[in-house]
2 protein chains.
Amino acid sequence: MASETRPSASRRERPAKPALTREGIVKTAVELMRTEGLERTTMRRLAQELDTGAASLYVYVRNTAELHAAMLDELLGTVDLSPSRGRGDWRNGLAQILTSYTEVLFEHPSLARSALVARPSGPCYLALVEALLSLLSEGAVPADRAAWGVDLLLQFATTNAAEHGTREQASTAQEEEEVLAVALRDVSSEDYPHIAAIGADLLSGPGRDRFAWGFDVLINGVLHTPRPDKGQSRRVAEQARGH
Amino acid sequence: MASETRPSASRRERPAKPALTREGIVKTAVELMRTEGLERTTMRRLAQELDTGAASLYVYVRNTAELHAAMLDELLGTVDLSPSRGRGDWRNGLAQILTSYTEVLFEHPSLARSALVARPSGPCYLALVEALLSLLSEGAVPADRAAWGVDLLLQFATTNAAEHGTREQASTAQEEEEVLAVALRDVSSEDYPHIAAIGADLLSGPGRDRFAWGFDVLINGVLHTPRPDKGQSRRVAEQARGH
DNA sequence: ACCTGAACACCGTTCAAGT
DNA sequence: ACCTGAACACCGTTCAAGT
């Protein structure tokens, strides 16, 4: 049955076994994650996809954590940073970039989780930070607050993606959310008066609204909160720079 | 050699194999995590500690995720909620509770990570939420903002614990932080002008100061940011309550 | 230098069989 | 009802041996 289009006995349509490269490994890993999820993107499974043994991967990648970091930076390359060049509406630009960032991670919550632990430092991550800083400076946010604020914004967006997000894991998550909803509804108004009074509003609203509100809270907070330790911190920073 | 104090041949000083209970399993798991870390607190290892087979645990616990959730609630029982009863300084009380929460999770970053995914709903978690809500209401924070603000505060504290935190994993984390520090220092000031200008300040300051500043940002932000969707959200909440 | 097979030391979860 | 051993289907990582 159309056997002349099948060039070899190997799986899929890969015609010949391509030479291993770090980049090829990482790209295959991202593709595998897209189709089967991070859970199934194991060294062994990935090696199988590349028609080799798991041990071969260790020539190019130190361990699983490093692989995940490289995959994350690859993924961050798809974040839309173009709003950082639109003059005028810095606040909206920030929201757009963070929304794009969230959307990218939303499809891979487990990778978002690993981003919380292993701080990325690849080129795409740096470009993202640069874009956020440029918009904050356009908004006249003092540089010292912007330095720490970027972290807060990215932490917020990353956590959001790690918490919610799609994939099969969502079924379990939704189940747990229902357990929590029931627990909140059945709460004794004697033991937990405030919870009982607020009730369902603790969980209400679509994620989009909560994200938008949380983003505004952060921006407004940064605008209203000077860094208290300016003198000391500047000294520390200058020491780190070698002054 | 003092063989009369050794009551049986079983491991440790457990004199007789105690009956399995859910509570006993969870407590043993927490103890095991304290001594060997969450990574080694596996079903098999835990069963070994309880002198039984891994399969027996599945009578009391549905799976590993549920075990982790139960362990987390057990741990949350040690968070100091007493500042919620000190009238007057609500803001400081909030900071104290969140600091205690962070400290508890700090010793177990991997559990903090799982708290980001599997929303807890145990009694100790509810008590924590209640304490935070009571202080926010003392501070005259509008109830609708408090409802969403609690989430933001807990998310912030949990993420902080998941990111930093002690244990052996810290060595890898510190290494990655150094990689990032080098990347930031060597950044091209043409490609990344803002990063180059701010430089080391992006990573400067002790975690304590960043936490305190982040907390202030959140509180100030909540105080300055009304929820935009009041009407619709209240309607949804009332529907959920059955009005 | 790169690649491999085999091994080491583990996992979570299920299930038939026992008590 | 509770507990068990054994099995199933996997893991990450290392290492001696090959090319």
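Lettering follows sequence order; numbering is per chain, from 1.
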Phe211(A) and Phe156(A) aromatic ring geometry - parallel, tilted or perpendicular at 30°/60° bounds:
parallel
Rounded distance (Å) that lies between atom P of dA9(D) and atom CZ of Arg40(A)
14 Å
How many whole angstroms separate atom CD of Gln48(B) from atom C1' of dC11(C)?
13 Å
Atom-pair distance (CG on Asp51(A); C1' on dG5(C)), nearest Å
15 Å
CG of Leu20(B) versus C1' of dT4(D): gap in Å, rounded?
12 Å
Distance check needed: dG12(C) C1' versus Glu66(B) CD, whole Å only.
15 Å
Return one dot-bracket line describing DNA chain C 5' to 3' (Watson-Crick or G-U wobble pairs, both distances under 3.5 Å; ( ) same strand, [ ] crossing, | another strand, . none).
||.|||||...|||||.||
Donor-acceptor under 3.5 Å (Thr158(B) side chain, Ala112(B) main chain):
no
Taking CD from Glu39(A) and C1' from dA9(D), how many angstroms apart are they, rounded to a whole number?
17 Å
Among dC3(C), dG12(C), dT4(D), the one nearest Tyr60(A) by side-chain distance
dC3(C)
Is any side-chain N of the basic residue among Lys27(A) and Glu31(A) closer than 4.0 Å to the acidic one's carboxylate O?
no
Is there a side-chain contact between Phe215(B) and Leu153(B), using heavy atoms and a 4.5 Å cut-off?
yes
Report the C-alpha distance between Arg45(A) and Glu49(A) in whole Å, list the side-chain angles of each, state the deciding distance to 0.1 Å, and finish with yes or no for salt bridge (Lys or Arg N to Asp or Glu O under 4.0 Å).
CA-CA 6 Å; Arg45(A) 180 75 186 77; Glu49(A) 203 70 11; 2.8 Å; yes
Any donor and acceptor pair, going by atom type alone, linking the side chain of Asn63(B) with main-chain N or O of Glu66(B) inside 3.5 Å?
yes
Tell me whether the side-chain N/O atoms of Thr52(B) come closer than 4.0 Å to OP1 or OP2 in dC3(D).
no
Give a yes/no on whether any side-chain N or O of Ser56(A) is located under 4.0 angstrom from OP1 or OP2 of dT4(C).
yes
What verdict does the side chain to side chain donor-acceptor pair (under 3.5 Å) test give for Ser110(A) and Glu39(A), after you've listed the backbone C-alpha separation in whole Å, the side-chain angles of each residue and the deciding distance to 0.1 Å?
CA-CA 8 Å; Ser110(A) 38; Glu39(A) 294 69 29; 3.3 Å; yes
Could you state the CD-P distance from Glu36(B) to dC10(C), rounded to the nearest angstrom?
11 Å
Any side-chain hydrogen bond (donor to acceptor under 3.5 Å, both in side chains) pairs touching residues 114-124 of chain A, not counting sequence neighbours?
Arg119(A)-Asp151(A), Arg119(A)-Glu163(B)
Do side-chain atoms of Asp73(B) reach the backbone of Tyr125(B) as a donor and acceptor pair under 3.5 angstrom?
yes
Euclidean distance, atom CG of residue Leu67(B) to atom P of dC11(C) [Å, nearest integer]:
14 Å
P spacing across the pair dA9(D) / dA9(C), given as an integer number of angstrom
24 Å
A correct 5'-to-3' footprint of nucleotides 13-19 of chain D, with B, S and - meaning base, sugar-phosphate only and no protein heavy atom under 4.0 Å, is BBB----
